[in-house]
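Here the structure is laid out as structure tokens; the discussion comes afterwards.
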Amino acid sequence: MVLAAGEGTRLRPLTERLPKALCPVGNVPLLDRALHRLAGLGLAGPGRVAVNACYLGEQVVRHVGGRAHLSVEPGQPLGTAGGVANLRDWIAGRGVLVGNADAYLADPARPPGPDIAALLRDWDGDTVRLLGQPAADPSAPGTFDGHVFTGFSLLPWRLVRELPVGFGDLVRALWRPAEATGALTVVPYPGTFYDTGTPADYLAANLHAAGGGNLLDPTATVTGRCEAAVIGAGAVVRGDVRRAVVWPGGTVGPGERLHDAVRAGAALTVPGTAPTPDRGSI
């Protein structure tokens, strides 16, 4: 299951235009990155993969189409636990791999899918597993066995079937109780992770996807200067773009400087700052 229902409040005003799950990283919507990772594990199609939607849900529904089972939550998002509980009939006795659409993962040694395969390997079907990375402060609140959560968890049916339908989060509903009883394991992720929830980390994920250079969609028009930039489809760049992202259809005019920021449309600019040292998200 890919969690794609959230509002992405920390990315506003970008997420007033697109739900966070559809925000592009390296010119690929985050949701497509998640679905591609699952396909790399052999998980694809509406019988094996589900996506939930709520905030700007019609955009998510239209984007997913028939690629996955869709769970549209009415009103406000149900949260991570409520979103899983709302899919209980579809899960129907199976263990479930739950991924955050906004998790950007990249391992230079393995392609998407195999890079998280260790999370599934030799699973007993009874315990809770989290993908994680060592925390800068192993004792900090929000860590699990000294690790920050990196976007994917593996949940047994025996716990999923008891989740109440209604707003709730997996941290309180499942992860902490499992940790307290010794039934939670953290599987280390060796690559790069950003949760993309803030403008700083969203920008950093894009720059990582660009590999330190420029990533220009072939349909973009670029006559200005670009350095460490991600330029989307149909974008027009006449000015100076450095360590920045221009969304599809965005424009940077002659004489304009776009540095350490994200541009959407002709005028919306969201500044980015240095990424936080500990980028885990729960």
Side-chain angles (χ1 to χ4, degrees), residues 1-12 14-23 29-35 37-38 43 45-104 119 128-131 142 144 148-179 184 195-198 202 280-282:
M1 175 186 179
V2 181
L3 298 167
E7 296 185 36
T9 55
R10 294 178 296 164
L11 274 181
R12 288 176 179 165
L14 291 172
T15 48
E16 292 173 359
R17 301 186 175 212
L18 285 176
K20 182 166 61 170
L22 297 187
C23 290
L30 281 161
L31 179 54
D32 287 354
R33 288 182 174 274
L35 293 174
R37 178 163 276 104
L38 295 179
L43 303 171
R48 306 287 308 274
V49 177
V51 175
N52 71 337
C54 186
Y55 174 71
L56 298 180
E58 69 283 354
Q59 293 189 36
V60 175
V61 169
R62 186 166 56 250
H63 187 81
V64 172
R67 291 184 291 165
H69 177 83
L70 283 156
S71 173
V72 180
E73 300 169 7
Q76 296 298 310
L78 292 172
T80 54
V84 173
N86 201 46
L87 275 164
R88 185 183 294 115
D89 291 344
W90 177 84
I91 296 169
R94 297 176 287 184
V96 58
L97 176 65
V98 180
N100 293 347
D102 62 358
Y104 172 82
L119 189 63
V128 174
R129 286 185 174 182
L130 303 182
L131 198 67
F144 298 86
V148 293
F149 173 60
T150 57
F152 281 84
S153 63
L154 189 57
L155 310 175
W157 168 248
R158 70 175 179 85
L159 297 179
V160 169
R161 68 185 175 195
E162 302 300 327
L163 287 172
V165 176
F167 181 82
D169 66 82
L170 289 172
V171 177
R172 296 174 181 86
L174 292 187
W175 298 352
R176 291 302 184 196
E179 183 181 44
L184 182 144
D195 76 354
T196 73
T198 66
Y202 175 72
S281 172
I282 59 172

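In this structure, Glu73 CD and Tyr55 OH are separated by 15.0 Å, a value rounded to the nearest 0.5 Å. The distance from atom CG of Leu22 to atom CZ of Arg62, rounded to the nearest 0.5 Å, is 9.0 Å. Of the inter-residue distances, the one linking Leu131 atom CG with Leu154 atom CG reads 10.5 Å to the nearest 0.5 angstrom. Atom CZ of residue Phe149 and atom CG of residue Leu130 lie 6.0 Å apart, to the nearest 0.5 angstrom. Taking CH2 of Trp157 as the reference point, atom CD1 of Ile91 lies at 6.5 Å (rounded to 0.5 Å). Note: Leu11 CG to Thr196 OG1 = 6.5 Å, rounded to the nearest 0.5 Å.
Taking the charged nitrogens against the carboxylate oxygens, Asp32 and Arg37 have no contact shorter than 4.0 Å, which rules out a salt bridge.
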Next item on the list: With side chain to side chain contact (heavy atoms under 4.5 Å, CB included) as the test, would you mind laying out the steps for Val51 and His69 before giving the verdict?
Entry: CA-CA 6 Å; Val51 175; His69 177 83; over 6 Å; no
Next item on the list: Carefully, step by step, assess Val98 and Thr80 under the rule side chain to side chain contact (heavy atoms under 4.5 Å, CB included).
Entry: CA-CA 9 Å; Val98 180; Thr80 54; over 6 Å; no
Next item on the list: In sequence, state the C-alpha distance, the side-chain angles, and the governing distance for Met1 and Asn52, and then conclude on side chain to side chain contact (heavy atoms under 4.5 Å, CB included).
Entry: CA-CA 8 Å; Met1 175 186 179; Asn52 71 337; 3.7 Å; yes
Checklist line | Stepwise side chain to side chain contact (heavy atoms under 4.5 Å, CB included) check, Arg12 with Glu7 | finding: CA-CA 9 Å; Arg12 288 176 179 165; Glu7 296 185 36; 2.9 Å; yes
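No more than 12 heavy atoms of other residues, nucleotides or ligands lie within 6.0 Å of CZ in Arg172, so this atom counts as exposed by the packing criterion. Residue-environment remark: CD (Glu16) exceeds the threshold of 12 foreign heavy atoms within 6.0 Å.
For the pair Glu179/Phe144, a side-chain contact is recorded, criterion being any heavy-atom separation below 4.5 Å from C-beta on. With contacts defined as side-chain heavy-atom distances shorter than 4.5 Å, the pair Leu43/Leu97 qualifies. With a 4.5 Å cut-off on side-chain heavy atoms, Thr15 and Thr9 do not count as touching. For the pair Ser153/Arg129, no side-chain contact is recorded, criterion being any heavy-atom separation below 4.5 Å from C-beta on.
Ser71 and Asn86 are linked by a side-chain donor-acceptor pair at a separation below 3.5 angstrom, with hydrogens and angles left out of the test.
Both tests do not hold together for Arg10 against Tyr202: distance to the six-membered ring centre under 6.0 Å, angle to the ring axis within 45°.
In this structure, Trp90 contributes its side chain and Pro46 its backbone to a donor-acceptor pair below 3.5 Å. In terms of modelled atom types and a separation under 3.5 Å, the side chain of Asn100 and the main chain of Ala103 share no donor-acceptor contact.
In terms of heavy atoms, Val60 sits closest to Pro19 at CG2-CG, 3.8 Å. Summarising the geometry of Ala34 relative to Val2, their closest heavy-atom pair is CB-CG1, 4.0 Å, with the distance given to 0.1 Å. Of all the heavy atoms in Leu30 and Asp102, the pair that sits closest is CD1-CA, 4.1 Å. For the pair Ala85 and Val165, the tightest heavy-atom approach, listed with the atom from each and the gap, is O-CG2, 3.8 Å. Taking each heavy atom of Trp175 and Leu155 in turn, the nearest pair found is NE1-CD2, 3.8 Å. Nearest heavy atom pair, residue Cys54 against residue Pro77, reads SG-N, 3.4 Å.
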